[in-house]
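Notes to accompany the following structure.
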Amino acid sequence: MNIIAIFKGLATTFGYMFRRKATIDYPFVKRAHASRFHGLHELRRYEDGMERCIGCELCQIACPANAITVIGAENTPEDRHSPGERYAFRYEIDELRCIFCGMCEEACPTDAITLTPRFEMANYTRNSLIYDKSKLLVPAEYGVGEAPHERPGGLPADLGEVARIKSTMEPERGYLATWRGIDILTSEGKTYMPTPAGGELVREPEKLKGGE
Amino acid sequence: MAVFVILAVALIASAVGVISAKNPVHSVVALLTNFAALAVLYLTLSGEFLAMIQMIVYSGAILILFVFVIALLGAGTSVGDLGPNRLAKVMTPAVIVGALALVVLGYALLHAQNPSGGGMLGAATILPGSQSQIAAVTIMPGADGAFGSIADFGRALFTTYLLPFELTAFVLLIAVIGVVVLAGGGAPERRKAAIREPIAKPKRRMEPTR
Amino acid sequence: MAKIVTVTIDGVKVEAPEGELMIETAKRIGHHVPNFCYYPKLEPAGLCRMCLIRIEGQPKLQLGCNTRITDGMAIDTISDAVETGRRAQVEFLLLNHPLDCPVCDKGGECVLQDYAMAYGDVASRSGMPKMNKPKAVDLGPTIVLDEQRCVLCQRCVRFDNEITWERNLVTAARGVYTIIATEGDEPYDSYFSGNTVELCPVGALTSKTYRFKARPWDVKPTLTTCTQCPVGCSMFADSRFDVLQRTRYDHETADPHGDPAGDWICDRGRYNLSYHTDERRLSMPMVRSGEDQWVDLAWSDAVDLVAKTLQDAAEHFGPQSVGAIGGGRLTNEESYLLQHLVRGLGSPNLDYRLHDELMTTPGRLAARVHDLDDASLIIEVGTNSVELAPVFDLRVRYAVQRRGATLVHLGDVKPNWPIHFRHFPTGGDAASLLQEATENVRRGEDLPKRAGEPPTHALARLLRGAERVVVIWDGRGTAEAAAIERLVETLRDADKGAGVVIVGYAANARGAEAMGMHPALLPGYRPAPQAGLDTEGMLRAAARGALKALLICGANPLLAYPNGALVRAAIERVPFIVTTELFMTQTAVKSHVVLPVKSSFEKAGSTVTMDGEVKKLAVSATPQGGEPLTDREILFMLGDAMGIAMPNEAELEDLAAAAAAPELQQPLRLTASAFVRPARQSVSGEGDLTVHAVPRLYAGGGTSAHDIEFEPLRPHPSAYLHPDEAARLELEDGDVVSLRNALGSIDGLTVATTKMVAVGSIGVIAELPEAPANVLADSFGAVRANVALVRKGRQTANLAGAHGE
Amino acid sequence: MIEALPLWLLVAIKSLVLLIIVITLFAYTMLAERKVLAYMQLRVGPNKVGPWGLLQPAADALKMIFKEDLTPSSADPLIYRLAPFIAVFTALLAYAVIPFSQGEHGPWSIANVNAGILFVFAITSMGVYGISLAGWASGSKYPLLGSVRATAQMISYELAMTMSVIGVILQASTTSLSGIVEAQSRMWFIVPQFLGFLIYIITAVAETNRVPFDLVEAESELVAGFHTEYSGLRFGLFFIAEYINMITVSCLATLLFLGGWSGPGSSGHPLLGLLYFVIKVFAFLFFYIWLRGTLPRLRYDRLMAFGWKVLLPLATLNLLVTAIVVALWY
């Protein structure tokens, strides 16, 4: 048994007593969160007040924690919630199950579900932490909701803009192949990527990390 | 006096508890009560050192081993089932032996001689109709450093009772060695090997190429 | 059998029959050739051009789905050239395909999605905006078409033309503007429309009831059996959160190369689902107090009440005072338990038959459904397989259209067949027609064809010319039974193939008969020592006041029983009626205790199809709210409460399986004494017109009447009149009329002119709760009534079913 | 004035005062532990309840009192309920003989007993019953393992502890605690009995089941050891017992090796003596916490080996040398 080591240890801990403390007086002093912090969800709207969510359930299937439940229904002219045919008749996230990984945000084709920086959601009952549309959907008077997290290559906020942005992107930035996390790999472990000219561009996967 | 009666009742009750409890741990707790009451009884008799040693050795060391063993051997199991003819098999010999022991003990108490010349210590208090209890008690209390003090004990142990003391120590040593041999089983070398083998690193089958 | 030839596919030598499609040959070595339009049960079309393969020695890529193999061919299904071709084809298909996979009902089980992942480029090379065709085009009461998504494979059109022969769907316009449309822009109205949704390889055709309800990965599929009609189609029931979302035909366990007309499901089985969650569904046992007051009971109290009352009735008035009706909608196990319970009480009065039929098991005269495939003559007597057994009817149509069988119908109302058939009006007496023709065949008389000959001659000539004859019968009429038996035996004596298929009136009628829910038959068709009262006997006893307690399990006699006067009088006079039901049907309202039950999707068991096959029901949904139990559980509880020894669960399954064994049916005769019934008066009542109850697939007082999503499909109360008759009565399509005779009246009937009915007759939909046809009847045959105009002209007349011919 | 009171009343008053002091001390030792540990880990520790978190112990006490008291169905109900009382009872009993300062009429203690040090050892040796019975009576595996470990550990280390103290007794030639303090008027025994002191503090940590010898609780292995099944006030009693035992052995170390209340100018000034005493005890308590903040837990077999193969021989050696020295020089 190395007695000197024990004394060294004792000296270390003793010394630490007089260092500056790392604690922040949390409820009174709040630290700025990281720019890509994943907190509470929000369902966004379009500028005209329409819900972005189309009830496609892709977030539900993408969710690794099975926290999301979506039931779709058809828009009718009298009862229109979103542009297009389909809307989320029920949209529920069990925030207790959620691991805040942001896969729902990644999966969402209309950028409807986003993870806001808000994280204080403690409550007294389990039921109150199952958020339904009334809690998730941005009230119309509060605007459209938080912008989604920036993704490699600076992704568009609107599906309608995809075509426009696609036409302006140069393929070398690796954006097209990583669009919404889809890497198209050939058997050699290289990334197959079409160019606007129709040819193939084969590159090493590492290079795709550029553009951050 | 009141203290004595309380202690005496506690002693007897706990002693009965020890033998009557179905659960061995309950027996141990009763025995612990018994030891504690006995120690306090010693204190009232100014046997301070004896009381403390009683607590340290019996309660603090020996009895706790009982608990240890009981806890290790299937906690909570009661005494094995003795079967239907329990009376004939167990009770009869127990009663006969117990009665015999009582007779022998009573005879010894009445007839044995105290080194200081009086009757055996407890005889006066136990047997009704003998000398008054107060007389018996007044003999006992030793003032500071008198009867029952550490010096007294030390002196008695290392002068009058030196040989028994040393012999007892020797016997205990032999017992300890015997236990170690029995429990360890076999020669130390083999034991060591037996322990080491399972966690020994596997032999390298093939030398690395580089 | 075709000659076996050897071809080389991707370097592997394969032996296959000559003339097989390459796409199928490639499947033999596990090489999947992508395709949209190809479907094994449809004729190859070569429309999508996705199945491009290369044949050695040919300069251009060929279609795998349209080219047949010959000896020594060398084919590449995997090569750069093929790959390039397919890439080009996917790019071409995606040119105008919308990017709405997230909201597409097919998303997740879409073939185009899979091929886009496999062969598609990530970016489109087209700089032009996509073409916007209309979305959500209403094709009919069941189907919505998304023209943007359509890849024009025409599977739906081909199904409608080749399988149902209805020719509702067509392609319209040309080139890039081609769309799927309906003939004459009529609504796409077919009993099989739902199958096109499943056939559609993309999400172009969607079903109205399933639209946007769930995604394919949400649902839990359960293989079960449809119990809406006696055909007993295997199907997948897809449920989400234990609620049924949709049903699909069994494309996984069924043989893709089986009969092209088999294994589909009809729209009743597909769209009549949401009654499970209908708010009108019964949730608690109820007892009637007063005229219309119902009080909820706990199950234990309800069972005690029922058990005690049934036992009291048996004790005080004798076991003959107790009876049971039902079984046709129960599983085999439940039917077995029901007869066990009633016989355990000492009563032999039990019957599953509600339509005055004799039987549903054809016994030794049976033909199997696959016998239709090589039949040369199909005679339908009395029944209407179009409405009563739709998927079975597809095979009839296929046998006629593809295999050249002759179809003959004997009856008063012509079925709504879209195919050619010969109709012999019988005037309610098909038996003598058949009999005469049979005797003619027996005599071997030569009858040259001549104009104005009696129908028996024509029929006899057809019979003599036929090699294999299948008779389709509804099981009604003693005289018909004798005539059919005579006919089949005559043909068999002449070394011709002949057999009978009976289309039962209830889904599991055959199972109930096998389980002994029959006054004269014990389980396994053993004759009962003491024959009890059949349905008619029970009702007559009830009308006399001799029947004191009646147990009705899964039956609605007030609506279904043809003799309306009798059943109404009877139900009124029984002091204690217990029904087990899903809904407050006409009979349930009149009963004293109503016990809520689980539906056939919510329970397990077995059922016997009209083909005699034992099929399994599996649990695919659970009741949402309420405390319904299965009939099986209820009967077990009743048996326990009455102290009747019941078989345990395992024994029950064995007993039911043993009783349904096919070999037990073999000795059964159509004219066996157990089935003999008194002869019926053919026409009763006074009036101008003969009223015929016309069966319609979507009618009924139970599940179809209590299903909001199915509501638009239900037929309106209609009066079917021959155009000449309508002209004589000065009525037009859309007029509202009522029918009256001495017994009662049916109101609110919309006139629909059709040649389905003969002059002098009027057709009224059977078993429609709004206009029950049996109101006018006090016998089992046709009745007469007068028609009275109520209102002139109504534009929304339901003409469905009138466009058959 | 004090002499005027009957003896039983005097003892009762003394006991009550001491009880209040000890319980308060326990509460703030706990708070101090949390604070010191926090500081060593660059945190600030409890600071929300009261100024600087000073009311935290009160809040904890309230929480403990109002929490539900559960008895597992598999437990032995009698002993399960008895065990925490044994633990606290024995922990408090030791204070009957501990002197805190020297007044005019004798040492400040509830009872000045001749065999004081023996009494303390007798009582602390009973403390193990609370733990072992609790573990056994809980009727589940983790408490049982914890209590079996506790029993073995405490028996092993008690031996070395007693041996290390006998050296002091030999040198002071008295078993009275005040007598031992008086015997240190010339020199604190920490100097002549340094080895004994070292053995004593190591075994003291082990006896009170503190880090790095907290095999009994061993959260990472045994959930919470012997008190896994306990909740509410009964759990609180074990907590109290642990901290009071810490204070007891700190007091004892002060009395035996650090000259108790003696210090510059303490003779004749009992209050000053008390202050010295308290300062020394607090130093020990801080050392306890410091150890907890620094050292990881020992492996069980190493703990036993260390006790039997290192500490016991060393203590025996120390005793032998002391005995020889005492016999030759005194």
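No hydrogens, no waters, no symmetry mates; every other heavy atom, side chains included, goes into these values. Chain naming here is simple, since letters A, B, ... match the order of the sequence lines and numbering starts at 1 in each.
- Aromatic pair D:Phe284/D:Tyr288: ring centres not closer than 6.0 Å.
- Ranked by heavy-atom pairs shorter than 4.5 Å toward chain A, the options D:Leu291, D:Thr294, D:Val36 are led by D:Thr294.
- Each of D:Phe189, D:Tyr200, D:Trp188 was compared with D:Phe257 under the ring pair (Phe, Tyr, Trp, His ring centres under 6.0 Å) criterion, and only D:Tyr200 meets it.
- Residues of residues 67-74 of chain A lying under 4.5 angstrom from chain D, judged on non-hydrogen atoms, do not exist.
- Remark: the backbone N or O of D:Ala206 is paired with a side-chain donor or acceptor of D:Gln153 at under 3.5 angstrom.
- Residues passing the ring-ring contact (aromatic ring centres under 6.0 Å, His included) test with D:Trp290, sequence neighbours excluded: A:Phe14, D:Phe286.
- A ring-centre distance under 6.0 Å is not found for A:His38 and A:Phe100.
- A salt bridge is defined here as a Lys NZ or Arg NE, NH1 or NH2 lying under 4.0 Å from an Asp or Glu carboxylate O, and A:Lys133 with A:Glu51 meets this definition.
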